[in-house]
Protein chains: 2
Amino acid sequence: MQRTGAAPRTDTRSRVQKVALELFAEQGYEKTSLREIAERLGVTKAALYYHFRSKEDIVHSFTDDYFDAIDAVIDWGKAQPPGDATRREIFDRYITIVLAGAEVFRFIEQNRASMQSMDSVKERFGRFRSRLDTMVDLIAGPDGPLRDRVRAAAALFAASTTCMHFWGTETDVDDLRAIIFEIATDLTS
Amino acid sequence: MQRTGAAPRTDTRSRVQKVALELFAEQGYEKTSLREIAERLGVTKAALYYHFRSKEDIVHSFTDDYFDAIDAVIDWGKAQPPGDATRREIFDRYITIVLAGAEVFRFIEQNRASMQSMDSVKERFGRFRSRLDTMVDLIAGPDGPLRDRVRAAAALFAASTTCMHFWGTETDVDDLRAIIFEIATDLTS
DNA sequence: GTCTATAGACGGATAGAC
DNA sequence: GTCTATCCGTCTATAGAC
């Protein structure tokens, strides 16, 4: 059976994304050079520049989807009537995203400083910046008491950090999801 | 009144620490050059090398105290009989440390990747590495059920991240402390 | 689409004068 | 304790051949 479709034959681009994400998350964005990524793939640096405009561009290629997903949750939440059911649904969707993009999320956690200096330069102004505040507003209300706001933030932080911390261990994903969801509702009931 | 004591007159060393911590936390460890730190202080790079052996050494100079404090809590916890009272005391001490060293903690959070590649090189093996696992063992027991372990981790993560997130705002520290403590006990009762 | 070669800049660190 | 001057390594990015 011969290949006939329009699918790329080598798909170097996605291989670059995969390796870059691994290395960036593992040893950090700044400490990982394009030379290292190229070597790992058996190509040269110049080849990377055919697929991506810059080193930062590689990052954007796998973070954009992630942030779009978060934005979708925020937009959905804004359109809903505030209340306990909406809150639960926001957490459910949020946890799904974090679990699905755990490796991307781990990269972000490990490279907070690098991320922040990226968006300050570029026109993607608030792309990497406190979406979290918006979600806190959504959960605790913009004028809610401090306790509610701190607990909402804690729920979101706890969800993402525990997910990241237990991801990749022998832990069952569905068990983890249930436990995290319980934590989030306990903190914002 | 003339100075007579043994106190250093200029105390460049501590000024370096202060500026470095600020810049490292703000824009990242790798992105901050020694030239930049020196310029901000009105001295030259070479002057920094009189006070510190290397760039990493500056980091260690303000993280060592922090980690020693965490270790002290761990050691104390290990010597106590497991139970609810010990748990509460661990959280209380932990929150105190995090609140007191909020800026150092923020630096660590922002530069996770850089931190991890430091201790892998040096003889300070686990210095920056999962102390957190040890604390989870202390709180949930080494063989506790997954739910307890995840919740213990969540409590610790929540404490440190919310502390960092609300630190520097107009939030009252004692209010914050009480709220965080409540979260921690809610999650591990 | 991938290569070689290189430009161009900046980093950490050291030597040695003062 | 701070300076000037410099070494040497590495990095991102580009030009241009194949």
Side-chain angles (χ1 to χ4, degrees), chain A residues 3 5-24 26-63 107 111 113-115 117-122, chain B residues 3 5-24 26-63 107 111 113-115 117-122:
Chain A
R3 302 181 41 97
R9 304 170 313 293
T10 54
D11 201 19
T12 302
R13 194 188 143 92
S14 63
R15 289 173 63 229
V16 172
Q17 286 177 314
K18 190 171 181 298
V19 169
L21 179 54
E22 267 175 37
L23 290 177
F24 289 164
E26 201 176 296
Q27 51 185 320
Y29 173 75
E30 324 274 352
K31 277 207 149 67
T32 304
S33 67
L34 296 182
R35 181 189 51 73
E36 191 175 359
I37 295 170
E39 264 174 16
R40 187 108 138 201
L41 287 168
V43 297
T44 61
K45 266 198 301 177
L48 304 186
Y49 278 95
Y50 173 81
H51 296 282
F52 301 94
R53 254 176 282 170
S54 66
K55 192 184 178 186
E56 281 196 23
D57 196 43
I58 301 177
V59 171
H60 292 307
S61 79
F62 55 70
T63 52
F107 158 78
N111 295 278
S114 305
M115 292 304 93
S117 36
M118 280 189 205
D119 57 333
S120 64
V121 177
K122 316 193 65 126
Chain B
R3 301 180 41 94
R9 304 170 313 293
T10 54
D11 201 20
T12 303
R13 194 187 143 93
S14 63
R15 288 172 63 228
V16 173
Q17 287 177 315
K18 191 171 180 296
V19 168
L21 180 54
E22 266 174 38
L23 291 177
F24 289 164
E26 200 176 295
Q27 52 185 337
Y29 173 75
E30 324 273 353
K31 277 208 148 70
T32 304
S33 66
L34 296 182
R35 181 190 50 74
E36 192 175 359
I37 295 171
E39 264 175 16
R40 188 108 137 198
L41 287 168
V43 297
T44 61
K45 266 199 298 177
L48 304 186
Y49 278 94
Y50 174 81
H51 296 283
F52 301 94
R53 254 176 283 170
S54 67
K55 193 183 179 187
E56 281 197 22
D57 196 42
I58 301 178
V59 172
H60 292 308
S61 78
F62 54 69
T63 52
F107 158 77
N111 296 278
S114 304
M115 293 303 95
S117 35
M118 280 188 204
D119 57 334
S120 64
V121 177
K122 316 193 67 126

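Chain naming here is simple, since letters A, B, ... match the order of the sequence lines and numbering starts at 1 in each.
- Comparing C/dA15, C/dC3, D/dA13 by their closest approach to the side chain of A/Tyr49 singles out D/dA13.
- Looking at heavy atoms from C-beta onward, A/His60 lies out of side-chain contact with A/Phe52 at the 4.5 angstrom threshold.
- Residues that satisfy the side-chain contact (heavy atoms from CB on, under 4.5 Å) test with A/Lys18, not counting sequence neighbours, are A/Glu22.
- With rounding to whole Å, A/Ile58 atom CD1 is found 9 Å from D/dA13 atom P.
- For A/Tyr50, a side-chain nitrogen or oxygen approaches OP1 or OP2 of C/dG1 to under 4.0 Å.
- Following rounding to the nearest Å, B/Arg13 (CZ) and D/dT2 (P) show an atom-to-atom distance of 13 Å.
- The main-chain N or O of A/Tyr29 is found under 3.5 Å from a side-chain atom of A/Lys55 such that the two form a donor-acceptor pair.
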request  = Please lay out, stage by stage, how B/Ser61 and B/Arg13 fare under the test side-chain contact (heavy atoms from CB on, under 4.5 Å).
outcome  = CA-CA 10 Å; B/Ser61 78; B/Arg13 194 187 143 93; 3.9 Å; yes

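- Comparing C/dT14, D/dT2, C/dA13 against the side chain of B/Ser54 picks out C/dA13 as the nearest.
- Contact annotation: A/Thr12 reaches the phosphate of C/dT2 (side-chain N/O to OP1 or OP2, under 4.0 Å).
- Distance CZ (A/Phe52) to C1' (C/dT2): 15 Å, rounded to an integer number of Å.
- For the pair A/Lys45 NZ and C/dT6 P, the interatomic distance rounds to 13 Å; values are reported in whole Å.
- Here the side chain of A/Lys31 pairs no donor or acceptor atom with the backbone of B/Glu30 at under 3.5 angstrom.
- Closest to the side chain of A/His51, out of C/dT2, D/dG1, C/dA15, is C/dT2.
- With salt bridges taken as basic N to acidic carboxylate O contacts below 4.0 Å, none links A/Glu36 and A/Arg40.
- The distance between atom CG of A/Asp11 and atom C1' of C/dG1, rounded to the nearest whole Å, is 13 Å.
- Heavy-atom distances under 4.0 Å link DNA chain D to B/Gly42, B/Val43, B/Thr44 of residues 27-44 of chain B, given in residue order.
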